[in-house]
Amino acid sequence: MTRPAKRLEAPFTMRPAKRLEAPPCRGGRSTLEREAALVSERVDIEGVAVSPDHLIGGERVSSSTTFEDRSPLDWSWKLADIARGDAATADAAVTAAVDAFPGWASIGPDGRAEHLHRLADLIDEHNDEIARVETVDMGMLYESMRLRLVARGAVNFRTYADLAATYEERHWSSKGTENTVQRMPAGPAVIITPWNAPFMLSTWKVAPALAAGNTVILKPAEWSPLSCSLLADLTVDAGFPPGVFNLVQGIGEEVGPPLVGDPRVRRISFTGSPETARQIGRAAAENIVPFTAELGGKGPLIVFADADLDAAALKAAGQYDDSGQVCLAGTRVLVEQSVRDAFVEAFHRHVDEHVLGDSRDPTTTIAPMIHPAHVERVLGFVHRARAAGDTIVRGGRRVGDTLHVEPTLVEPATNDSEIVQHEVFGPVLTMQTFRDEDEAIELANSTPYGLSAIVYTGSHERAEHVGRAIRAGVVWVNTFLVRDLTAPFGGVGISGIGREGGDYALDFHSDLKTLQIAEHTTS
Ligand code: NAD
């Protein structure tokens, strides 16, 4: 059942929420439907039949208990009761991945690339269904989901299929030996993903693991579990051998520890919060398992006086997109003192153009937040900021009984304010000023995070200098979110450990071996 979301209150542009008509699916139902293999009944989500179960060893498997999945578009709308995995589920999934590993590793990069390309084609074919489901499950804008995030899922698989298949082993002679560096598939990999952009982020991590020859157990977040269930269906449709890709649903604290603590797991790839990363890191240390963590951010958005101020203000207002639930967002706006007033005027003008509403409505620009508990968490930051003497310049309130929080701007009393130093992960920006380049760099590097940074300047020389001085995994100058998937991706400080992207992810998912054969060896 689809419920219309509620109208939002002023001061934002009012748009009556409307229900999008689901395009008719072939045969009247989604082609993702797979009734025969069902354990639990599939749930109709926006015209798509979604399994609430795990996928283990190529079969749908339910659990004796479930957890509720609700829609951020209307919290009274229960989407599904999802299988609640436990230690036995984790054990079964790892066993399936162990059993499937030798076969998957032995078909080689070309054989694996064929599967990954088929999967990418199926994602494109089902783009709209995946986008519809993820929109009501996670809340992100439908158009953004369809055009950007689901499409990127297919690109992730194609990129890694081609990178792994075209990899050239390194050969050289030294000290009387012929040397070769070989990538050996490592074994079963556990992949744990967060609730924001679940489909894109999961495919970003699953693709290199599978391309490298590892089998996978994916555990998506409990707040947005549905699109990964569709991904599981598509791996079956793409002909992946049973057990190569496994999906385990459940609550992180319950099913996460038995997954990451299983000594048969040979890689752990995690995206989420630093708090959870610390716990997973302990399990990885216990079993001496390589572990990557892509964690939170508190990126600066630095505006120099020589910048195109309107472009910078538009980009700053754009940091409220997706209700600020974006790890890479530039949430600390740092403006050169001399242009503060002009920048602030342009910033407010662009923020006023935002439309809060139903994520399925193409005129909406800011989607609701994921969960009432997250709304409370975000508002808690704002309340504590006010109490500590920070100035709430705009916003700071929940909109009616929706899960929207107004776009909020805070001028902190000091750089030590909690709202400057901690990731809020909501539609909350801080604004501070700086006098010169040195102070801008000092402020930019003044939090424990280091995931990303955005710089606006008209000077190429300054772009080089400031860009190099910022400690972050990625620095964008006069642009944002442009990604080359072969580039390294990851964080500095508590924003993460290790690098994903391109060959970095394929190396992580491989055991690199040096083979040395004495040059006088004869056949
Ligand atoms: P989270 O750490 O609460 O949960 C992430 C995942 O870990 C979920 O699947 C959860 O079920 C699981 N989990 C929880 N406890 C676990 C445990 N003890 N053992 C194993 N797994 C466990 O994070 P979240 O709230 O879902 O996501 C938001 C965070 O993710 C933010 O900090 C955000 O910045 C970060 N993030 C980072 C990136 C990046 O690329 N760096 C991308 C997106 C989100």
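All ligand and atom numbering here is 1-based and tracks the order in the structure.
Two residues are said to be in side-chain contact when any heavy atoms from C-beta on lie closer than 4.5 Å; W476 and V455 fail this criterion.
Relative ring orientation between F347 and Y320 is described as tilted, the plane-to-plane angle lying within the 30° to 60° band.
For ligand 1, the 4.0 Å heavy-atom shell takes in I192, T193, P194, W195, N196, L201, K219, P220, A221, E222, G252, E253, G256, P257, F270, T271, G272, S273, T276, Q279, I280, E294, L295, G296, C327, E423, F425, L451, F489, ordered by chain and residue number.
Sorted by first then second residue, the salt bridge (Lys or Arg N to Asp or Glu O under 4.0 Å) pairs that include residues 475-499, not counting sequence neighbours, number zero.
Environment of CD in E418: crowded, with over 12 heavy atoms of neighbouring residues, nucleotides or ligands closer than 6.0 Å.
Ion pairing between R132 and D137 fails under the 4.0 Å rule for side-chain N and carboxylate O.
A cation-pi contact links R152 to W204, judged by a cut-off of 6.0 Å to the six-membered ring centre and 45° from its axis.
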